[in-house]
Amino acid sequence: MKRMINIALPKGRLGERAYKIFEEIGYGCLEVMENSRKLIFENKENGVRYFWAKPSDVAIYVERGAADVGIVGKDILLEGGHDVYELLDLKMGKCRMAVAGPAGKRPDSEKTLRVATKFTQITKEYFEKNGRDIDIIKLNGSIEIAPLLDLSDVIVDIVETGKTLYENNLEPYETIVPISARFVANKAAYRFKRDEINLMVEKISEKIN
Ligand code: PRP
């Protein structure tokens with residue numbers, strides 16, 4: 001009997017691209033890509049059960065074992081410090097975490113730096129390492145507005161094409177870390193379903209490399 005692998009997919013473009021890979025390497029499942037309200041899909045023959053989760057929640061499902069494996073952005077892993085195995089860099093969803101601020105301007109290095117971000121942990125670690133005093137302003141989205149309204153001096157956010165920054169007269173100052181999607185596994189599941197998970201990892205890496 002094949003042991004079922006529970007796979008958490010992040011809702012959205014990245015999850016859909018990741019699912020296409022699963023499908024191409026023999027883990028297809030009917031209805032997954034159908035636009036319905038259903039959230040869990042199963043294919044007993046291929047030994048997989050998929051569910052769509054909010055991207056920032058995937059790591060929680062995997063960490064707690066509700067999913068055996070999942071697709072998660074490195075930003076979420078760094079921010080959440082989740083206790084999971086990171087088995088593969090999927091080399092998709094590539095972007096970077098950066099410090100950005102008003103174009104052509106650099107903040108006064110003597111003053112405490114006001115930093116607006118969703119990623120408070122990454123921000124704290126980065127500026128601590130650089131020995132810089134900061135005041136973190138936690139926001140939940142549209143971070144780019146903060147320096148425009150003088151709520152902050154800079155932001156720490158994800159930059160993909162740079163278009164959002166550019167269109168708001170902002171620019172990247174420094175890159176903190178490159179980001180991409182990762183294939184992660186629950187630690188206990190990796191012990192009990194090691195063969196199945198390793199086979200999956202092998203097939204995915206063959207496909208993407
Ligand atoms: C991210 C990020 C930027 C934008 C960068 O937002 O926060 O706003 O993408 O992309 P760009 O460099 O290609 O312009 P996302 O759309 O993920 O939503 P969010 O505002 O909820 O973070």
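Residue numbers count from 1 along this sequence. When a ligand or atom number is given, it counts from 1 through the structure's own listing order.
- Contact atoms of ligand 1 toward V159: 12 (O) (distance under 4.0 Å to a heavy atom of the residue).
- Per-residue contacts place T161 under 4.0 angstrom from the following atoms of ligand 1 (heavy atoms of the residue considered): 11 (P), 12 (O), 13 (O), 14 (O).
- Counting heavy atoms closer than 4.0 Å to ligand 1, residue D157 contributes side-chain atoms (C-beta onward) but none from N, CA, C or O.
- Distance check for atom 15 (P) of ligand 1: every protein heavy atom is found at 4.0 Å or beyond.
- Other cluster members for L78: M97, V99, L113, V115, F119, I122, Y126, F127, I134, I136, V154, V156, I158, Y173, I176, V177, I179, joined by side-chain heavy-atom distances under 4.5 Å among Ile, Leu, Val, Met, Phe, Trp and Tyr.
- A distance below 6.0 Å separates the ring centres of Y85 and Y190.
- Between the side chains of N6 and Y61, no donor-acceptor pair is found at a separation under 3.5 Å.
- Listed by first and then second residue, the salt bridge (Lys or Arg N to Asp or Glu O under 4.0 Å) pairs involving residues 79-97 are K74-E86, D83-K187, E86-R182, D89-R182 (not counting sequence neighbours).
- The ligand atoms of ligand 1 that sit less than 4.0 angstrom from a heavy atom of E144 are 3 (C), 8 (O).
- In terms of protein heavy-atom proximity, atom 1 (C) of ligand 1 is nearest to I158 O, 4.4 Å.
- Across all non-hydrogen atoms, the minimal contact from P10 to L14 is CG-CD2, 4.3 Å.
- Using bins of under 30°, 30° to 60° and over 60° for the plane-to-plane angle, the ring pair F22/F183 lands in the tilted bin.
- Backbone and side-chain nitrogen or oxygen atoms of G162 are examined, and one is located within less than 3.5 angstrom of a nitrogen or oxygen of ligand 1.
- Each of the following atoms of ligand 1 lies closer than 4.0 Å to a heavy atom of K118: 19 (P), 21 (O), 22 (O).
- Two rings, from Y50 and Y19, have their centers less than 6.0 Å apart.
- Remark: minimum distance from atom 4 (C) of ligand 1 to any protein heavy atom is reached at T164 OG1, 3.7 Å.
- There is a protein heavy atom closer than 4.0 angstrom to atom 21 (O) of ligand 1.
- Heavy-atom minimum distance, C95 versus V159: CB-O, 3.3 Å.
- Within 4.0 Å of atom 12 (O) of ligand 1, at least one protein heavy atom is present.
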